[in-house]
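The figures that follow rest on heavy atoms only: side chains count, while hydrogens, waters and symmetry mates do not.
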Amino acid sequence: MKAETLLLTSLILICCAGIPSAAETRPRFTDQTQQAGIHFKHTNGASKEKYLPETMGSGGLFFDYNNDGHLDIYLVNSGTLSGASQPHRHPDHANVLYRNTGDGTFVDATAEAGLQHNYGYGMGCLAADYDNDGDADLYLTNFGRNQLYRNDGDGTFTDVTSHAGVGDGNWSVSASFGDFDLDGHLDLYVANYLDYQLETAHACFLQGVHIYCGPHEYPGARDTLYRNNGDGTFTDVTTRTGVHNTGKGLGVLFTDYNNDGYPDIFVANDAVPDFLYRNNKDGTFTDVAVAAGVAYNSEGRATASMGIASGDYDNDGIQDLFVTNFSLEINSLFRNDNDGFYTMTTFEVGIADPSFLKLGFGTQFLDADNDGTLELFVANGHVWDNVSEITPSLSYRQRCQIFGNTGTGQFRDLSETAGRFFKRSIVARGVAVGDYNNDGATDILVTCCGEPPILLRNDSQVDDWVKIRLIGTQGNRDGIGAKVWVHTDEMTLFREVTCGGSYASGSEQTLLFGVGAQKTLQSIEVKWQNGHTQTLDFSDAESPVNQTLYITEKLNASAN
């Protein structure tokens with residue numbers, strides 16, 4: 001009997017060795033797209049010519065455009081390019097604004113908001129309060145002229161592109177807002193991709209198969225940095241600030257990587273070295289990507305960088321970077337060493353092999369189960385619709401992935417147990433995260449190329465949480481660039497307020513901190529961009545667990 005018991009125990013250990021622990025199987029998401037009333041389908045105008053922009057779109061956005069406390073959704077459409085000398089948009093291919101009704105459903109509010117007129121071939125979108133008037137404005141990137149819509153505060157928008165001077169006519173994909181000169185006004189960085197013209201586009205073949213051309217076939221386009229003048233207009237300061245390098249930008253993010261109080265700029269470039277522009281604190285930048293260890297992967301190669309996720313995955317109090325790459329490359333996780341340098345840790349944390357056959361685009365860190373550690377979501381989809389004819393092990397439609405954080409510096413691919421959606425193959429592009437149904441769990445919006453988007457409701461068993469929405473008074477009203485620490489009895493959690501990243505998409509700017517199964521918080525600390533630190537102490541007050549806090553900037557550094 002004793003021998004049989006030992007044998008049975010051994011078999012159980014062998015069978016269960018690859019099964020994640022209960023804590024690691026908690027993330028679970030449910031596709032709510034149709035139930036929520038989202039009936040959008042992206043039009044890419046795929047043609048026999050295989051124009052490159054057809055395979056690169058498009059993005060989406062979570063933002064509260066009408067300040068009713070519920071996250072709305074904006075989805076970018078593209079159009080058709082075949083037979084045209086310039087990008088054009090049929091009215092049926094307009095972008096769509098979905099207003100959140102507050103009961104888990106959305107209604108099309110595009111026309112009533114004045115957003116039905118789009119030009120160019122759509123790529124991405126981003127929202128921020130660029131004029132500090134208390135509501136979220138909308139910036140659109142296009143293959144063709146970009147657009148800036150000012151939020152009028154009454155549920156409508158006005159196209160102010162020409163007046164503001166931000167209609168960058170390059171092929172723009174992603175953008176990011178940040179206050180690089182700390183004057184209280186949000187500046188705008190636009191990542192431009194290729195110098196690509198329809199009239200001079202040529203066909204590309206690989207192993208005799210007609211494919212969408214790669215980035216090496218065309219020269220890169222220079223990015224654009226716009227300085228906010230504070231009067232509703234912007235000035236192109238690309239050259240004078242030193243960010244005039246020519247890349248092939250697909251993702252961009254303002255982030256203070258070296259914690260000196262000034263936002264730096266990370267740019268994900270396709271098949272050429274990535275940029276990391278260090279803010280010199282005098283209105284100029286220096287590209288330090290090579291020295292900092294993020295220009296190339298750990299093999300010293302430039303990767304086909306697509307999307308960016310920024311978050312403190314190892315809870316050491318500083319933002320790390322994750323970059324999605326092409327198939328047969330691996331994605332790049334760069335741990336911030338807090339000394340001005342990064343270390344690529346993709347292999348060490350366990351996400352190298354799962355990403356090898358995938359082509360990643362949008363990505364975000366999120367605490368899916370509110371246990372205080374960040375999970376990682378990656379949207380996958382190839383750019384060649386006939387890739388299997390060239391490499392049978394690859395596919396055009398691919399499965400998205402969610403990686404659970406073990407809390408010990410490792411990730412595990414939990415996609416198989418995270419819901420039915422993760423067993424579907426799609427052509428995913430953009431990713432946005434936010435709590436659209438206000439239940440304290442972070443939801444996910446995935447956009448696709450030539451296909452409908454997916455709204456994933458987070459149905460995980462979640463722990464306690466606290467939401468923090470910053471309201472700037474001396475600095476920009478959104479609090480972009482501010483740093484927030486949440487202190488509990490057992491851990492300290494850190495976030496930086498950013499705007500952009502992912503791929504051609506924007507996420508909710510209210511910070512959601514999962515605090516585990518704890519009912520009390522010790523304090524919340526906010527360091528604003530002007531250097532003032534504001535602390536909320538809860539030692540003698542009711543702990544704000546499972547609540548949303550609106551923290552208004554005060555000049556008094558010790559303000560409570």
Side-chain angles (χ1 to χ4, degrees), residues 41-59 76-90 92-93 120-124 141-144 169-174 191-221 248-250 269-272 303-307 324-329 357-362 379-398 425-430 447-452 503-504:
K41 181 180 179 181
H42 176 252
T43 300
N44 66 347
S47 65
K48 66 180 186 302
E49 291 88 356
K50 292 190 181 294
Y51 292 120
L52 185 50
E54 294 171 353
T55 195
M56 301 303 292
S58 66
V76 175
N77 215 331
S78 295
T80 58
L81 298 172
S82 182
S85 60
Q86 295 294 327
H88 67 286
R89 189 86 69 98
H90 189 277
D92 292 342
H93 302 154
Y121 181 95
M123 282 285 136
T141 59
N142 297 311
F143 176 62
N170 293 289
W171 179 3
S172 306
V173 177
S174 296
N192 293 318
Y193 190 33
L194 302 176
D195 182 5
Y196 184 93
Q197 308 298 326
L198 294 180
E199 56 269 25
T200 58
H202 60 267
C204 291
F205 294 85
L206 182 61
Q207 299 178 18
V209 178
H210 185 192
I211 62 170
Y212 284 100
C213 293
H216 55 281
E217 294 287 335
Y218 297 92
K248 298 181 179 182
L250 289 175
N269 288 313
D270 190 1
V272 296
T303 57
S305 304
M306 307 288 186
T324 55
N325 297 319
F326 208 76
S327 55
L328 306 185
E329 295 177 338
L357 296 179
K358 308 292 186 182
L359 198 163
F361 272 90
N380 299 308
H382 214 280
V383 294
W384 300 337
D385 53 355
N386 48 7
V387 63
S388 60
E389 297 179 33
I390 301 165
T391 307
S393 61
L394 302 180
S395 61
Y396 181 49
R397 290 177 173 82
Q398 300 181 358
S425 295
I426 59 175
V427 188
R429 292 294 183 258
T447 64
C448 298
C449 183
E451 298 179 347
Y503 175 83

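Considering OG of Ser58 and OH of Tyr121, their distance stands at 8.5 Å, rounded to 0.5 Å. The structure places CG of Leu359 at 9.0 Å from CG of Leu328, a figure rounded to the nearest 0.5 Å. From Tyr193, atom OH reaches atom CG of Asn269 across 10.0 Å, with rounding to the nearest 0.5 Å. Here the straight-line distance linking atom CZ of Phe326 with atom CG of Asp270 works out to 8.0 Å at 0.5 Å rounding. A distance of 10.0 Å separates CD in Gln398 from CD1 in Ile426, rounded to the nearest 0.5 Å. Within the model, atoms CG of Leu357 and CG of Asn380 stand 10.5 Å from one another, a figure rounded to the nearest 0.5 Å.
Each of Asn142, Thr141, Asn192 was evaluated against Ser172; a single residue qualifies, Asn192, per the side-chain hydrogen bond (donor to acceptor under 3.5 Å, both in side chains) test.
A centroid separation of less than 6.0 Å is found between the aromatic rings of His202 and Tyr218.
Side chain of Arg429 to main chain of Met123: no donor-acceptor pair is present (N/O by atom type, distance under 3.5 Å, no hydrogens or angles). The main-chain N or O of Gly122 is found under 3.5 Å from a side-chain atom of Ser78 such that the two form a donor-acceptor pair. No donor-acceptor pair closer than 3.5 Å links the side chain of Thr391 to the backbone N or O of Ser393. Of the possible donor and acceptor atoms, one in the side chain of Ser174 sits under 3.5 Å from a partner among the backbone N and O of Leu250.
Donor-acceptor pairing under 3.5 Å is recorded for the side chains of Ser327 and His382. A side-chain donor-acceptor contact under 3.5 Å links Thr303 and Ser305.
Under the side-chain hydrogen bond (donor to acceptor under 3.5 Å, both in side chains) criterion, Asn44 pairs with no residue at all, not counting sequence neighbours. The ring pair (Phe, Tyr, Trp, His ring centres under 6.0 Å) test applied to His42 returns no partner, not counting sequence neighbours. The salt bridge (charged side-chain N to carboxylate O under 4.0 Å, His left out) check on Glu329 picks up nothing, with sequence neighbours excluded. In this view, Asp385 and Lys50 satisfy the side-chain hydrogen bond (donor to acceptor under 3.5 Å, both in side chains) rule, not counting sequence neighbours. Residues that satisfy the ring pair (Phe, Tyr, Trp, His ring centres under 6.0 Å) test with Tyr396, not counting sequence neighbours, are absent from this structure.
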Please walk me through it: do Thr447 and Phe361 pass side chain to side chain contact (heavy atoms under 4.5 Å, CB included)? CA-CA 10 Å; Thr447 64; Phe361 272 90; over 6 Å; no
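Nearest heavy-atom pair across Arg397 and Val427 is CG-CG2, 3.5 Å. The two residues Glu49 and Ser82 have their closest heavy-atom pair at OE1-OG, 3.1 Å. Across Tyr196 and Ala201, no two heavy atoms sit closer than the pair OH-CB, 3.4 Å.
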Identify each donor-acceptor pair in which a side-chain atom of residues 205-214 lies under 3.5 Å from a protein atom, sequence neighbours left out, and give them as a table.
{"residue": "Tyr212", "atom": "OH", "partner": "Glu54", "partner atom": "OE1", "Å": "2.8"}

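Between Met56 and Phe143, the closest side-chain pair of non-hydrogen atoms is not below 4.5 Å. You'll find the side chain of Trp384 stays beyond 4.5 Å of the side chain of Thr55, heavy atoms only.
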